*Asks:* 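Pasting a structure below so you can have a look.
Proteins come first, then strands; the chains are lettered A, B, ... in the order of their sequence lines, and each starts at number 1. Here the structure is a predicted model, which means the values were calculated and not measured.
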Protein chains: 2
Amino acid sequence: MHTIGEVAKILGISTHTLRYYEKEKIIIPVRDASGDRRYNDTHIKWLQFVIKLKETQMPIAKIKKYASLVLKGEHTTLERLSLLEEHKDSIKKQIRTLKAADEMLEYKIVAYKDFISKRD
Amino acid sequence: MHTIGEVAKILGISTHTLRYYEKEKIIIPVRDASGDRRYNDTHIKWLQFVIKLKETQMPIAKIKKYASLVLKGEHTTLERLSLLEEHKDSIKKQIRTLKAADEMLEYKIVAYKDFISKRD
DNA sequence: ATAATGATTAGAGTAAACTCTAAGTCAAGA
DNA sequence: TCTTGACTTAGAGTTTACTCTAATCATTAT
């Protein structure tokens with residue numbers, strides 16, 4: 001069981017952010033005798049998953065939606081599955097966009113290098 | 001030569017956004033006799049480039065920086081080149097992140113499908 | 001015993017990137 | 001002539017995702 005400060009350090013995010021995610025019902029830690037938040041390994045794994053989703057541009061609203069489905073129980077698995085499949089599509093699209101931009105930049109960079117070498 | 005409304009339609013962005021980019025000195029169109037903005041094909045190509053940079057998560061501040069270098073003239077080509085190379089690195093990183101997330105999602109999706117097929 | 005550390009809360013403040021409003025000008029078509 | 005529609009401006013408002021503040025409480029270190 002970890003305190004909020006420890007979890008913040010482990011995940012590389014701030015305690016503020018962890019409390020914000022709780023306010024948004026993305027993570028619900030347990031409380032110890034004195035009312036402090038406690039996170040177990042399941043909480044941490046869930047947060048690592050949330051961070052992965054965030055890194056791939058899933059908005060907080062959608063992460064919230066997914067979290068609420070998880071809380072609702074097993075009868076939401078189909079809906080969760082389609083949400084994840086939708087996001088997988090979005091990731092594919094992002095990769096395509098990035099690859100196109102990468103090619104364009106490569107082209108521009110070569111043009112710049114060529115220009116510079118001919119000038120100097 | 002195109003009006004702001006035409007350019008907005010061509011690029012799929014709003015006239016508000018085009019004026020905002022101008023306020024940020026990212027694009028400086030010319031003006032016609034009655035003071036209206038006019039965009040030529042060079043302006044449009046530049047805006048398409050800006051949109052590509054945006055799609056790959058370059059912040060407005062950095063796009064602004066690049067635009068200012070272009071305005072300053074040929075003696076900034078080296079600096080522009082390194083800015084673009086830096087961004088190309090960031091794109092590579094983004095692709096790696098997305099691929100990792102994609103694999104993780106594939107794994108999760110398979111697990112969900114497995115669970116559902118065994119349950120039904 | 002006291003000071004430092006780290007936790008708590010409600011709620012205010014911030015940054016980025018738009019997005020919209022209000023009040024106005026101007027040219028073309030019915 | 002009137003109206004419609006596109007344009008102009010300065011500046012206010014919105015959304016997202018934090019980020020911080022202030023006041024307070026509990027535990028640990030000297």
*Asks:* So does A/Thr3 get a side-chain nitrogen or oxygen closer than 4.0 Å to the phosphate oxygens (OP1/OP2) of C/dA7?
*Replies:* yes
*Asks:* Does a salt bridge link B/Lys93 with B/Asp89, judged by any charged N lying under 4.0 Å from a carboxylate O?
*Replies:* no
*Asks:* Transitive ILVMFWY cluster of B/Ile28 at side-chain heavy atoms under 4.5 Å: who else is in it?
*Replies:* B/Leu71
*Asks:* Report the residues that fulfil ring-ring contact (aromatic ring centres under 6.0 Å, His included) with B/Tyr39, sequence neighbours left out, ordered by chain and then residue number.
*Replies:* none
*Asks:* B/Asp36: what forms a side chain to side chain donor-acceptor pair (under 3.5 Å) with it, not counting sequence neighbours?
*Replies:* none
*Asks:* Quick one about B/Ser14 and B/Arg19 (side-chain donor to acceptor, distance below 3.5 Å, no hydrogens or angles considered), yes or no?
*Replies:* no
*Asks:* Counting only side-chain nitrogens and oxygens, does A/Arg37 get under 4.0 Å of the OP1 or OP2 atom of C/dT8?
*Replies:* yes
*Asks:* Nearest whole angstrom, please: distance from the C1' of D/dT27 to the CD of A/Glu6.
*Replies:* 14 Å
*Asks:* What residues in residues 7-33 of chain A put a non-hydrogen atom under 4.0 Å from any atom of DNA chain D?
*Replies:* A/His16, A/Thr17, A/Tyr20, A/Tyr21
*Asks:* For DNA chain C, what residues of residues 48-67 of chain A have any heavy atom nearer than 4.0 Å?
*Replies:* none
*Asks:* Regarding A/Arg80 and B/Tyr112, is there a side-chain donor-to-acceptor distance under 3.5 Å anywhere?
*Replies:* yes
*Asks:* Look at B/Glu86 together with B/Lys62 and state whether they make a salt bridge at an N to O cut-off of under 4.0 Å.
*Replies:* yes
*Asks:* Restricting to ring-ring contact (aromatic ring centres under 6.0 Å, His included), what partner residues turn up for B/Tyr21, sequence neighbours left out?
*Replies:* none
*Asks:* Using whole Å, report how far CD1 of B/Ile4 lies from C1' of D/dA6.
*Replies:* 10 Å
